[in-house]
Amino acid sequence: MVMLLFGSAGVSVLVGNWDDAFSITLAILIVSTVGFVQEYRSEKSLEALTSLVPNFCHVVRDGESSKMLADHLVPGDIVKFATGDRIPADVRITSANHLEMDESALTGESEPLAKTFERMPAIAAELTFSERRNIAFMGTLVRNGHGVGVVVRTGSGTEFGKIHAMMQDIEVPRTPLQKDMDKLGQQLSVASFAVIGVIFLIGLLQGKGWLEMFTIGVSLAVAAIPEGLPIVVTVTLALGVFKMARRKAICRKLPSVETLGAVSVICADKTGTLTMNRMEVEYLYTAADGLSQVKADTLDSLAQTRSYLQLLRIGNVCNNAGADDRGGFIGQATDIAILNAVLRVRQFDERDRVERIAEVPFNSETKFMQITVGGDFEPALPGASKNVVYMKGALETILERCTTFFAASGRPERLSEKVLEGISNHSNQLSLRGLRVVAAAFGTAPTEMVFGGLFVMHDPPRDNVASTISQLMAAGVRTVMITGDSEKTAVSVARSIGIPVVGESRGCMMGAQLDRVSDMELAEHIKEVSVFARATPKHKVRIVRALQTAGDVVAMTGDGVNDAPALRLADIGVSMGENATDVAKEAADVVLVNDDLSTILAAIEEGKNIFGNIRNFVTFQLSTSVAALTLVALSTLLGLPQPLNAMQVLWINILMDGPPAQSLGVEPVDPYVMSLPPRAKNANIIT
């Protein structure tokens, strides 16, 4: 449309109509200025959000340890890192002390991974991120322990950088509104030039001069093109962007706010988008009192039950999580989750009162953590003057060391086959639901422990996610979950938040299965799949492409580096704001500042309403253009003097039609729009 206006301005200059050229150029300038100012404000808002890659790191050069900017690292530098640090480059680990990394930004897996300095047996290129146990990847977080490593890749050479490069190679698709406006511009061009051509020939046949007919042609062209339309569209979109900013959604490009109204599928990354990306204790289990949920209305009963209090005491003492500078906790995700549960129920931390004598840290081989404390500290073991051992870890490992369990009487009782069977059944059932089970025990000797119970934890769904997905389904928008987690965990989370999974074999597809099917086969069957597990960045791109091939308008939500290529390819990329990586925010069209998925509902409602308003004022403005074109055409055909010159038509199109059209553009949201299905991808802006 703007190109047509440029053409009109150019022709006006050629025939000496400087006032027309000036007016049309002014219209173009208004469109450009409004768009630029709003997008500039959005980019400035994004600059205030946090950065992923650390500014500083601890480096050893020439035998001297120093703190330097991560930008100055080169391959061969020795880097030290500890709990809470972000890795500044891809590092080959040379020393690891109980080192665990949170790689969720790269892989989407919420579980921290144990790292080692040992050599990997296979070729690195054949291994997945999680299998490369001796590499610490740039941008990942140290959850536990400390280590030393040699920088092997920096900047664009890192895995982080490769994903960023993959994102840059993907062409950003034009939005449905941009395609609609392009199509409308083409239709107007063809129709108006056909009419102008016919009238031009008739004028020549009537004996009128070439210059006179050229001037009439310019008037007809100006009459046919609604010059005020780009201004009204741009201002309407800018007002929509402004409204969404107040609702905590920053739209980086003006058309993005309308695109959300056309979305038919939302591909949601599980970790950090649908879930909180942190472990939380959901249940406590003891052999004496069974399973109990940890929530606001059960805290009092838990605090009055001996077996649960004893289980929480074990979790409190056998714990290395500590407070950080921002009022939260730092340490292993499991330790933080247990300590949070302890403080919610018992409301105090007992570690200050105990004398810690020895510690056996958790590692992936032994699968348990053990703390030994001195003195007569444990009331559940009266008369035990010896030191007391507290232990937590994998259920099989803990049960091997237990001979008794903590009974309802508050005393240890023999661990019978029936009790063991009950413990194992509960653990298996909970694991099948995608929950993580951590066993705990205490005693005076590591081989004669008292079984305390189970901490059952998960990465909890975000608030209101289930109701948001339900409302999206009611609005005709399908939600597809994509994650790097296992199939069991993925299906469990999907069902818990209301994403329908029709049988695990059909409703869930693994990354390995994706590798075996062609793009065409994937596009044919993708409407049956609602969960994708063990998905890599390349898989996410294929999923988005397949949905687009199947005719869907796709929104992709995510916060990690691994989401960035798919965010860029999708019709609209939506990034979380508070915890998202810089790469994800750069790739996205919309950033949710408050990390609340329900904001998408408001954005879809706003987008649908904007499209309805645009359709209304386009119809209104085209009716005026058709009237003006008909008036000029009939006058020419009948040999009458021109009733309107080009300047007067411009006046009507911009100054007289502009304000009424703009009032149609700011009509408030009609509640019924959310009951309408998403519009078809190939639907015209006017019928």
Side-chain angles (χ1 to χ4, degrees), residues 103-109 125-131 159-174 259 263-274 477-487 490-491 494 499 501-502 504-575 581 583-584 586-589 681:
E103 295 184 349
S104 58
L106 270 178
T107 64
E109 293 189 51
E126 296 173 358
L127 301 175
T128 63
F129 287 122
S130 54
E131 289 169 336
E159 294 299 334
F160 184 112
K162 287 175 188 173
I163 294 173
H164 187 267
M166 189 197 305
M167 180 190 82
Q168 298 298 336
D169 291 340
I170 293 171
E171 187 179 343
V172 180
R174 291 180 69 73
T259 307
V263 164
S264 56
V265 175
I266 292 180
C267 293
D269 174 54
K270 179 188 82 73
T271 308
T273 303
L274 298 175
V477 181
R478 190 163 71 96
T479 304
V480 173
M481 188 177 88
I482 307 176
T483 177
D485 272 334
S486 66
E487 181 180 20
V491 171
I499 296 176
V501 184
V502 188
E504 289 185 25
S505 58
R506 283 180 61 201
C508 179
M509 185 177 269
M510 299 290 286
Q513 292 171 281
L514 272 169
D515 290 332
R516 291 196 296 269
V517 297
S518 68
D519 290 344
M520 191 60 73
E521 287 174 312
L522 183 59
E524 285 174 9
H525 299 289
I526 199 157
K527 290 191 183 291
E528 301 169 5
V529 184
S530 53
V531 176
F532 291 90
R534 294 289 185 218
T536 65
K538 287 181 181 177
H539 291 147
K540 292 182 181 186
V541 168
R542 283 194 68 200
I543 292 163
V544 171
R545 275 214 179 97
L547 286 165
Q548 289 171 332
T549 304
D552 286 306
V553 176
V554 184
M556 173 78 197
T557 71
D559 63 346
V561 179
N562 60 326
D563 302 317
L567 284 171
R568 191 174 179 89
L569 176 66
D571 295 287
I572 185 149
V574 182
S575 166
T581 62
V583 177
E586 183 187 331
D589 302 292
K681 201 168 188 177

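Side-chain atoms are counted along with the backbone in the values below, which use heavy atoms only and exclude waters and symmetry mates. This one's a predicted model, so the numbers in the text were calculated from it and none came from an experiment.
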Intermediate values then yes/no, side chain to side chain contact (heavy atoms under 4.5 Å, CB included), Asp269 and Ile482: CA-CA 5 Å; Asp269 174 54; Ile482 307 176; 5.6 Å; no
Sequence neighbours excluded, the answer for side-chain hydrogen bond (donor to acceptor under 3.5 Å, both in side chains) partners of Arg478 is none
Just to verify, what does Asp515 make a salt bridge (charged side-chain N to carboxylate O under 4.0 Å, His left out) with, not counting sequence neighbours? none
Distance-minimising heavy-atom pair for Cys508 and Gln513: O-OE1, 4.1 Å
Whether the side chain of Asp571 engages the backbone of Val553 through a donor-acceptor N/O pair (distance < 3.5 Å, no angle test) should be reported. no
Decide yes or no on side chain to side chain contact (heavy atoms under 4.5 Å, CB included) for Val574 and Asp589, but give the supporting numbers first. CA-CA 6 Å; Val574 182; Asp589 302 292; over 6 Å; no
Say you draw a straight line from CZ of Arg542 to CD1 of Ile526; how long is it, rounded to the nearest 0.5 Å? 9.0 Å
I'd like to check Ile266 versus Thr557 (side-chain heavy atoms, cut-off strictly below 4.5 Å). Are they in contact? yes
If you take all heavy atoms of Val501 and Ser530, which pair is closest and at what distance? CA-OG, 3.8 Å
Of all heavy-atom pairs linking Ala523 and Ala550, the shortest is O-CB, 3.9 Å
Could I get the full list of side-chain hydrogen bond (donor to acceptor under 3.5 Å, both in side chains) partners for Lys527, not counting sequence neighbours? Asp552
Could you check His525 against Val529 for side chain to side chain contact (heavy atoms under 4.5 Å, CB included), going step by step and ending with a plain yes or no? CA-CA 7 Å; His525 299 289; Val529 184; 5.6 Å; no
For the student: nearest non-hydrogen atoms of Ser575 and Ala588, plus distance: CB-CB, 3.5 Å
So NZ of Lys270 and CD1 of Ile499: to nearest 0.5 Å the spacing works out to 11.0 Å
Show the numbers, then the answer: is there a salt bridge (Lys or Arg N to Asp or Glu O under 4.0 Å) between Lys540 and Asp563? CA-CA 7 Å; Lys540 292 182 181 186; Asp563 302 317; 2.4 Å; yes
Inter-residue atom distance Ile543.CD1 - Leu569.CG, 0.5 Å rounding: 11.5 Å
Partners passing side-chain contact (heavy atoms from CB on, under 4.5 Å) against Ala490 (at least two apart in sequence or in another chain): Met481, Thr483, Val531, Ala533
Which residues pass the side-chain hydrogen bond (donor to acceptor under 3.5 Å, both in side chains) test with Thr536, not counting sequence neighbours? His539
Partners meeting side-chain contact (heavy atoms from CB on, under 4.5 Å) with Glu521 (sequence neighbours left out): Val517, Ser518
Once you round to the nearest 0.5 Å, how far does OG1 of Thr549 lie from CE of Met520? 7.5 Å
Are any of the side-chain heavy atoms of Val477 and Ser264 separated by less than 4.5 Å? no
Leu514 and Leu522: CA distance, side-chain angles, deciding distance, side chain to side chain contact (heavy atoms under 4.5 Å, CB included) verdict: CA-CA 8 Å; Leu514 272 169; Leu522 183 59; 3.6 Å; yes
